[in-house]
Enquirer: 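Following this message is one structure expressed as C-alpha cells.
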Amino acid sequence: MENRYIKLQAPGCNVPLKVVPGHFATNHSHINYYIDMTTLKTRVSEAQEVARDLVGLYLYNTFVDTIVCLDGMDVVGAYLAEELTKAGVMSRNAHQTIYVVTPEYNSNSQMIFRDNIQPMITGKNVILLMASVTTGKTINKGVECIQYYGGKLQGISAIFSAIGELDGMPVNSVFRERDIPDYQSYDFRECPYCKMGIKLDALVNGYGYSKI
C-alpha cells in the first residue's frame with residue numbers, strides 16, 4: 001500500500017492529502033480509497049496548517065469552551081484551540097482558555113467521560129473534531145455522548161468528510177468528497193468489489209489501517 005499513495009491538494013490548503021486506491025472496510029462501510037492522515041495528525045507543521053484551515057469557520061458568533069477529539073486528533077485539537085484563542089474566539093471557562101479532551105470507550109463501545117473530565121463537557125460549548133467522516137455514524141455517537149453529559153454542540157470539524165451536514169448541522173472539513181476523484185462508499189452488503197470477489201486490502205478507521 002505504501003507504494004500506491006496519491007497526493008491530492010485542496011484549494012487554499014498548503015498540505016496534501018495522501019490516499020490509496022483499493023478495497024477497504026471501515027466499521028460502517030466499504031470504501032474505494034484509504035485516506036492516510038498520519039502526518040496530518042502527528043507532524044507539527046501539518047497539524048498547524050489543518051488547524052488554520054478549520055479556524056476560520058468559527059470566528060463569528062461562536063463560543064468555544066471545549067474541543068472533543070476523536071480518531072487521535074489531539075495534536076490538531078491543541079493547535080485549533082490555539083488558533084481560536086489567537087483569533088479572539090470567546091471562551092466562557094473561568095481562565096478564558098479552551099479544554100482539549102478525548103472520550104474513552106467502554107465495553108459496549110460507547111463513548112464515556114470520566115468524572116474528572118465531565119466538568120469540561122457539562123454546560124460547555126463544544127466542537128467535535130474528527131479525522132474523517134464517511135457515513136456520519138461515528139459523529140452520531142460523539143454527539144450523543146456530548147449531549148448525554150450536558151454539552152452544547154457548536155460545530156463539527158474533520159480533515160475529510162464525505163457528507164456536508166448531519167441533522168442540519170454543517171460538517172466543516174478541509175477536504176471533501178469532491179477532492180478525491182471517484183470516491184465511493186458502499187454498504188458492505190452492496191459492495192461491488194465484494195460481489196466481484198475482490199478481497200479487502202485492509203481494515204481502516206480514523207487511526208490507520210491493518211492489512212489483511
Side-chain angles (χ1 to χ4, degrees), residues 1-58 69-73 75-77 79-80 128-140 142 155-212:
M1 282 178 53
E2 292 79 2
N3 298 322
R4 292 157 48 198
Y5 282 123
I6 301 169
K7 290 187 177 182
L8 303 175
Q9 206 79 36
C13 181
N14 293 324
V15 292
L17 185 69
K18 293 190 294 186
V19 301
V20 181
H23 180 201
F24 307 98
T26 74
N27 290 337
H28 307 296
S29 63
H30 284 199
I31 52 178
N32 63 339
Y33 280 95
Y34 164 59
I35 303 170
D36 186 5
M37 303 185 186
T38 306
T39 59
L40 294 177
K41 295 189 296 182
T42 60
R43 187 177 289 162
V44 166
S45 59
E46 295 186 22
Q48 285 178 315
E49 184 62 31
V50 169
R52 291 189 191 105
D53 285 338
L54 292 173
V55 70
L57 304 166
Y58 298 105
C69 301
L70 307 183
D71 304 332
M73 288 286 283
V75 177
V76 176
Y79 281 118
L80 179 57
L128 180 62
L129 180 62
M130 304 177 61
S132 63
V133 178
T134 303
T135 63
K137 291 183 179 179
T138 302
I139 290 180
N140 280 328
I156 302 167
S157 285
I159 297 177
F160 168 80
S161 179
I163 60 176
E165 65 173 39
L166 187 71
D167 296 332
M169 177 164 284
V171 179
N172 305 309
S173 62
V174 180
F175 296 89
R176 293 200 172 275
E177 190 175 6
R178 63 176 179 265
D179 298 312
I180 304 178
D182 305 318
Y183 177 88
Q184 296 291 331
S185 171
Y186 308 100
D187 184 290
F188 71 92
R189 292 161 294 195
E190 301 297 330
C191 175
Y193 295 98
C194 292
K195 290 180 178 180
M196 289 186 290
I198 299 174
K199 294 183 178 181
L200 288 166
D201 291 297
L203 303 176
V204 302
N205 61 19
Y207 292 97
Y209 66 90
S210 298
K211 293 180 183 178
I212 295 178

Enquirer: Distance check, rounded to the nearest 0.5 Å: L166 atom CG versus L128 atom CG?
Expert: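 With rounding to 0.5 Å, CG (L166) is 10.0 Å from CG (L128).
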Enquirer: Looking only at non-hydrogen atoms, find the nearest pair between V76 and A51 and report the distance.
Expert: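 Answer, listing the atom of V76 first, then A51: O-CB, 4.1 Å.
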Enquirer: Rounded to the nearest 0.5 Å, how far apart are CG of D53 and CG of N172?
Expert: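 Here the interatomic distance stands at 12.0 Å.
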Enquirer: Do V20 and D36 come close enough that some side-chain heavy atom pair is under 4.5 Å?
Expert: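 Not in contact.
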Enquirer: Are any of the side-chain heavy atoms of Y34 and D201 separated by less than 4.5 Å?
Expert: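 Y34 vs D201: side chains apart.
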Enquirer: Restricting to non-hydrogen atoms, name the atom on P21 and the atom on I6 that form the minimum distance, rounded to 0.1 Å.
Expert: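 Looking at all heavy atoms of both residues, the shortest contact is CD-CD1, 4.0 Å.
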Enquirer: Backbone N or O of E49 within a donor-acceptor pair of the Y79 side chain at under 3.5 Å?
Expert: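 Pair absent, no side-chain N/O of Y79 close to backbone of E49.
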Enquirer: Does the side chain to side chain contact (heavy atoms under 4.5 Å, CB included) test come out yes or no for H28 and T138, once each step is laid out?
Expert: CA-CA 9 Å; H28 307 296; T138 302; 3.7 Å; yes
Enquirer: Which pair of non-hydrogen atoms, one from Y186 and one from C191, has the smallest distance, and what is that distance?
Expert: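 Closest approach of Y186 to C191, heavy atoms only: CB-CA, 4.0 Å.
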Enquirer: Return the CG to OG distance between L40 and S132, rounded to the nearest 0.5 Å.
Expert: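 L40 CG to S132 OG: 11.5 Å, rounded to 0.5 Å.
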Enquirer: Distance-only, no hydrogens or angles: does the K41 side chain make a donor-acceptor pair with backbone N or O of G206 under 3.5 Å?
Expert: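 Between the backbone of G206 and the side chain of K41 there is a qualifying donor-acceptor contact (under 3.5 Å).
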Enquirer: Once rounded to the nearest 0.5 Å, what's the spacing between atom CE of M130 and atom CD1 of I159?
Expert: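 M130 atom CE to I159 atom CD1 measures 11.0 Å (nearest 0.5 Å).
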Enquirer: Step by step, would you call V75 with T42 a side chain to side chain contact (heavy atoms under 4.5 Å, CB included)?
Expert: CA-CA 7 Å; V75 177; T42 60; 5.8 Å; no
Enquirer: Side chains of Y183 and V19: closer than 4.5 Å at any heavy-atom pair?
Expert: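 The answer is no; the side chains never approach within 4.5 Å.
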Enquirer: Does N32 use its side chain to pair, donor to acceptor, with the backbone of D182 at less than 3.5 Å?
Expert: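 Side chain of N32 to backbone of D182: a pair is present.
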Enquirer: Restricting to non-hydrogen atoms, name the atom on D179 and the atom on V174 that form the minimum distance, rounded to 0.1 Å.
Expert: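 Nearest heavy atoms, D179 then V174: OD2-O, 4.2 Å.
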Enquirer: Check whether any side-chain heavy atom of I31 sits under 4.5 Å from a side-chain heavy atom of V204, and report yes or no.
Expert: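 Sidechains of V204 and I31: in contact.
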Enquirer: Report yes if some heavy atom in the side chain of I212 is under 4.5 Å from a heavy atom in the side chain of L203; otherwise report no.
Expert: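 Heavy-atom side-chain distance check passes, below 4.5 Å.
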Enquirer: Do I180 and F160 have side chains that get closer than 4.5 Å, going by heavy atoms?
Expert: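 Yes. Closest side-chain heavy atoms under 4.5 Å.
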Enquirer: Could you name each residue pair satisfying ring-ring contact (aromatic ring centres under 6.0 Å, His included) that touches residues 6-27, not counting sequence neighbours?
Expert: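 Non-adjacent pairs meeting ring-ring contact (aromatic ring centres under 6.0 Å, His included): H23-H30, H23-Y193.
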Enquirer: Do C194 and F188 come within less than 4.5 Å of each other through their side chains, counting heavy atoms only?
Expert: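 No, their side chains stay 4.5 Å or more apart.
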Enquirer: Answer yes or no: is there an ion pair linking K195 with E190, defined by an N-O contact shorter than 4.0 Å?
Expert: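 E190 and K195: salt-bridged.
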Enquirer: So which atom in A158 and which in V133 form the shortest heavy-atom distance, rounded to 0.1 Å?
Expert: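 In terms of heavy atoms, the two residues are closest at CB-CG2, 3.9 Å.
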Enquirer: Kindly say whether M73 contributes a backbone atom to a donor-acceptor pair with the side chain of D71 at under 3.5 angstrom?
Expert: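 Here the side-chain-to-backbone pair does not exist.
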Enquirer: For atom CG of D187, decide whether the heavy atoms of other residues, nucleotides or ligands shown that lie under 6.0 angstrom number more than 12.
Expert: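 Correct, the count exceeds 12.
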Enquirer: Atom CD in Q48, atom CG in N14: separation rounded to 0.5 Å?
Expert: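 Here the interatomic distance stands at 12.5 Å.
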Enquirer: For C13, is there any backbone N or O sitting under 3.5 Å from a side-chain donor or acceptor partner on Q9?
Expert: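 Here the side-chain-to-backbone pair exists.
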Enquirer: Taking all non-hydrogen atoms of both residues, which atom of T134 and which atom of S29 are closest, and how far apart?
Expert: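 Result for this residue pair: CG2-OG, 3.5 Å.
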Enquirer: CZ/R176 to CG/L17 distance, rounded to the nearest 0.5 angstrom?
Expert: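 Separation between the atoms: 13.5 Å.
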